[in-house]
Structures are given as C-alpha cells and as structure tokens.
Novice: 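Quick one: the structure is below, questions incoming.
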Protein chains: 2
Amino acid sequence: MRTPAELTTAFRSLGLKVTPQRQLLFRLLHDNTTHPTAEALFEVASAQMPGISLRTVYQTLTDLAGMGELQSFAFGGGAIRFDPNVGAHHHQVCVSCDEISDVYVDGVDQLNVSPRNASDAHSFTVASTDIVFRGRCMRCADTV
Amino acid sequence: MRTPAELTTAFRSLGLKVTPQRQLLFRLLHDNTTHPTAEALFEVASAQMPGISLRTVYQTLTDLAGMGELQSFAFGGGAIRFDPNVGAHHHQVCVSCDEISDVYVDGVDQLNVSPRNASDAHSFTVASTDIVFRGRCMRCADTV
DNA sequence: ACCTTATTTGCATCTCATGCGAACTGCCAA
DNA sequence: TTGGCAGTTCGCATGAGATGCAAATAAGGT
Ligand SMILES: [Mn+2]
Ligand SMILES: [Mn+2]
Ligand SMILES: [Zn+2]
Ligand SMILES: [Zn+2]
C-alpha cells in the first residue's frame with residue numbers, strides 16, 4: 001500500500017475524508033509485515049487513540065482492500081489477515097506460533113497443472129496463484 | 001478417506017461405535033469430490049435421514065479429520081471445506097461460482113523460496129505446501 | 001463560519017462453529 | 001438373549017468474527 005501522505009491525497013481526491021482514525025491506521029499499516037487481523041490492529045490503535053471503535057477499524061480495512069491498497073487472506077486460524085504488501089508474493093505459516101512471513105517464489109507461472117481427468121484439461125483460466133508453506137519457523141524449530 | 005466398510009472396522013477397533021448417522025456420512029463422503037461444507041453435507045444427509053442433527057455432522061467431520069481420513073481447508077468464502085482426498089494435491093477455485101476442483105501439480109517440492117531478507121534464509125522448515133489457483137472455470141468463462 | 005456529506009460509533013444481527021448435558025443406543029459380556 | 005456400560009446424538013446455549021443500521025459527529029469545500 002502507498003504511504004500515509006499518498007493515501008491522504010488519494011482519499012481526498014475521491015471525495016473521502018481523512019480523519020484522525022484513518023490517519024492512524026494508515027500509519028499502523030504502512031510497511032507492516034505482521035499480517036494483522038482487524039482485532040490485532042484495533043488493540044494497537046486503541047493504545048494510541050483510546051475510544052477508536054473496532055467498527056471503524058473494520059470499515060477502514062474493508063475500504064482500503066476495496067481500493068486495492070491491501071490484500072486479505074483467510075489462513076485457517078480464525079480471523080482474516082490483512083496485508084499492505086500488494087505485490088506478487090506468497091506466505092509461510094508457522095504451525096506452532098502462527099507467525100506469517102512473506103516469501104518470494106520463482107517459477108510460479110511455470111507450474112505444470114494437471115487435472116484429475118484428461119477431459120478437464122484446459123478447462124480453467126488461472127487469474128492468480130496463492131502458495132502457502134506450512135511448517136516451523138526458526139524460533140519454534142528448537143522447542144519441538 | 002477409506003471405504004465405508006474399512007471405516008466401520010477402523011471405528012470399532014478404536015472402541016468407537018458405528019451408528020446409522022456415521023454410516024450415512026461415510027457413504028456421502030466416500031469419493032466425494034465437491035469439497036463440501038458441514039452445512040452442505042447436512043442438507044444432503046437430512047434428505048436421506050430426516051432428523052439427523054447438524055451437530056452430529058460437525059462432530060463426525062471433526063472426528064474423521066482428527067483420524068486423518070479427511071482434510072479441511074479454509075478458502076476465503078465462509079465455511080470450512082472438507083476433503084476426503086487426503087493424497088497430495090492442490091486446488092483451483094472459480095471466483096465466479098466458487099467451484100473447487102482438485103489439481104495435481106508437478107515440481108512443488110522444487111519450488112525455489114526466497115525470503116525477503118537474506119538473514120531469514122533457511123529459517124523455516126516446510127512441512128507441507130498448499131497451492132490455490134483462482135480464476136474462472138470453463139462454464140463461467142463464457143458468461144463473463 | 002456554515003453547511004453538506006462522509007464518517008464514526010454503539011448496538012443489533014448474522015454466520016459458522018463449539019461447549020454442554022440429558023436422553024439414547026451400539027455392542028460386548030454374562 | 002438380555003443387561004448395562006460407555007460412547008453418541010441432539011437441542012440449546014455460547015462464542016468468535018464480521019456486517020447492517022442509524023443517530024451523533026466532524027471533515028472540508030464554499
Ligand atoms: Mn504478505
Ligand atoms: Mn481436494
Ligand atoms: Zn513459530
Ligand atoms: Zn465457475
């Protein structure tokens with residue numbers, strides 16, 4: 001996603017208002033690599049702006065995602081994760097501590113996909129590919 | 001997952017009972033390639049066994065998954081999907097009709113993963129890889 | 001400074017899923 | 001065949017995550 005300053009301009013030019021709540025979330029999301037949930041962001045935001053509502057956090061995240069400034073994913077562990085990194089990348093998830101990290105994978109577009117039945121061949125037009133590696137992060141590998 | 005007959009033996013040998021509800025679900029799941037939700041299975045089961053409870057469907061699905069007879073996935077579209085195909089395979093999801101199909105992908109273990117920072121190299125032990133292709137199925141490609 | 005319009009917020013509502021316990025039943029043992 | 005224990009079913013309560021709604025509030029152009 002773009003910088004808080006750029007988002008400020010973008011919002012105004014769309015007739016959207018730049019509120020303190022939104023400015024705070026712009027800042028909390030910029031360069032955020034933790035793939036936070038809405039509730040996680042709400043916790044951090046509340047510390048800096050007591051009284052901000054969870055509803056507003058959801059609202060702003062949904063708006064940003066709709067504008068293409070955020071991606072969102074449903075990893076199996078409950079709430080949806082938001083990601084300001086909208087470039088092409090994939091994820092590794094630690095099954096022990098649930099940490100989600102960005103990874104970059106070569107040759108994704110060259111993956112050779114074969115359907116179960118030959119009759120299904122070429123029956124699907126791929127628009128995007130999501131890869132999730134599950135395993136153990138360095139920190140959790142020791143504490144087996 | 002194994003056949004209803006095999007599951008019957010397996011359940012009994014674990015001290016678990018083989019009820020009519022479970023037998024029905026064994027049958028409905030065997031060779032099922034639709035990646036159904038619990039609610040979807042409940043609908044089909046109810047037609048054949050009026051009075052079966054949604055709670056029992058969830059219970060049995062959870063038990064089967066725990067025994068390794070089913071996989072479960074959270075694609076973004078709401079409820080968890082169950083999959084009796086426990087072999088190594090991946091999925092393509094139609095963004096238009098939400099149909100989920102099995103696909104088999106070559107070279108998954110040879111994917112070259114590069115973390116964002118060199119310092120993170122070799123910091124993750126991959127246990128499994130899930131690939132989801134999103135796009136349009138043959139049927140929905142026409143009706144753009 | 002004013003006024004229009006977007007936003008915030010609290011509360012209700014919704015979906016999906018699990019906890020709980022009374023009633024029920026599979027199935028083994030006598 | 002029958003008795004009885006242990007595992008199951010089922011309905012209802014509860015919980016998490018997320019969205020609908022409308023009154024109160026505030027941004028920002030004029
Ligand atoms: Mn990411
Ligand atoms: Mn599958
Ligand atoms: Zn970890
Ligand atoms: Zn389709």
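Since we're looking at a predicted model, the values are computed, not measured. Note on naming: letters A, B, ... go to the chains in the order of the sequence lines (proteins, then strands), and numbering restarts at 1 for each one.
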Novice: Whole Å only: how far is the CD atom of B/E43 from the P atom of C/dC16?
Specialist: 11 Å

Novice: Just compare D/dT19, C/dT8, D/dG17 and give me whichever is closest to any side-chain atom of A/E39.
Specialist: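 Comparing D/dT19, C/dT8, D/dG17 against the side chain of A/E39, the answer is D/dG17.
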
Novice: Would you call the rings of A/F73 and A/F75 parallel, tilted or perpendicular, where under 30° means parallel and over 60° means perpendicular?
Specialist: tilted

Novice: Using atom NZ of A/K17 as one end and atom P of C/dA6 as the other, report the distance to the nearest whole Å.
Specialist: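 To the nearest whole Å, that distance equals 7 Å.
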
Novice: Is A/Y58 close enough to D/dA18 that one of its side-chain N or O atoms is under 4.0 Å from OP1 or OP2 there?
Specialist: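 Yes, A/Y58 has a side-chain N/O under 4.0 Å of OP1/OP2 on D/dA18.
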
Novice: OP1 or OP2 of C/dA6 sitting under 4.0 Å from any side-chain N/O of A/Q59?
Specialist: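 No.
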
Novice: Which residue lies toward the 5' end of DNA chain C, B/V18 or B/T62, if each is placed at its nearest nucleotide?
Specialist: B/T62

Novice: Is the shortest side-chain N/O distance from A/T37 to OP1 or OP2 of D/dG17 below 4.0 Å?
Specialist: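 False: A/T37 side-chain N/O out of range (4.0 Å or more) of D/dG17 OP1/OP2.
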
Novice: Grab the CE-P distance between B/M49 and D/dT8 for me, whole Å please.
Specialist: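 That distance rounds to 15 Å.
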
Novice: For the pair made of CD1 in B/I80 and C1' in C/dT15, what is the distance, rounded to whole Å?
Specialist: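 After rounding, the reported distance stands at 13 Å.
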
Novice: Are side-chain heavy atoms of B/P20 and B/M49 found at a separation under 4.5 Å?
Specialist: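 A side-chain contact under 4.5 Å exists here.
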
Novice: Between C/dA17, D/dC10, C/dG10, spot the one nearest the side chain of B/A79, thanks.
Specialist: C/dA17

Novice: Taking any heavy-atom pair under 4.0 Å as a contact, classify B/L54: base, sugar-phosphate, or nothing.
Specialist: nothing

Novice: Check whether any side-chain heavy atom of B/R22 lies under 4.5 Å from a side-chain heavy atom of B/T8, and answer yes or no.
Specialist: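 SC-SC contact between B/R22 and B/T8 ruled out.
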
Novice: Starting at CG of B/L24 and ending at C1' of D/dT9, how long is that distance when rounded to a whole Å?
Specialist: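 Taking CG of B/L24 and C1' of D/dT9, I get 14 Å after rounding.
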
Novice: How close or far is atom P of D/dC10 from atom CG of B/L61, stated in whole angstroms?
Specialist: 14 Å

Novice: Please report whether the ring centroid of B/F11 lies less than 6.0 Å from that of B/F26.
Specialist: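 That pair passes the under 6.0 Å test.
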
Novice: When you measure only distances, ignoring hydrogens and angles, does the side chain of A/R55 come within 3.5 Å of the base of D/dG20 through a donor and an acceptor?
Specialist: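 Yes.
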
Novice: Would you call the rings of B/H89 and B/Y104 parallel, tilted or perpendicular, taking 30° and 60° as the class edges?
Specialist: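 Ring orientation, 0 to 90° scale: tilted.
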
Novice: Can you measure A/I52 atom CD1 to C/dT8 atom C1' for me and round it to whole angstrom units?
Specialist: 9 Å

Novice: Can you see if the side chain of B/T19 gets near the phosphate of D/dT9 - specifically, an N or O under 4.0 Å from OP1 or OP2?
Specialist: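 It does, given that an N or O in the side chain of B/T19 lies less than 4.0 Å from OP1 or OP2 of D/dT9.
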
Novice: Rounded to the nearest Å, what distance is computed from the CZ atom of residue A/F82 to the P atom of nucleotide D/dG17?
Specialist: 13 Å

Novice: Under 4.0 Å between a side-chain N or O of A/T56 and OP1 or OP2 of C/dT9?
Specialist: yes

Novice: Would you mind telling me which of D/dT8, D/dA6, D/dG11 lies closest to the side-chain atoms of B/R22?
Specialist: D/dT8

Novice: Considering heavy-atom distances to DNA chain C, does B/R12 or B/A38 have its closest nucleotide positioned more toward the 5' end?
Specialist: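 The residue whose closest nucleotide sits nearer the 5' end is B/A38.
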
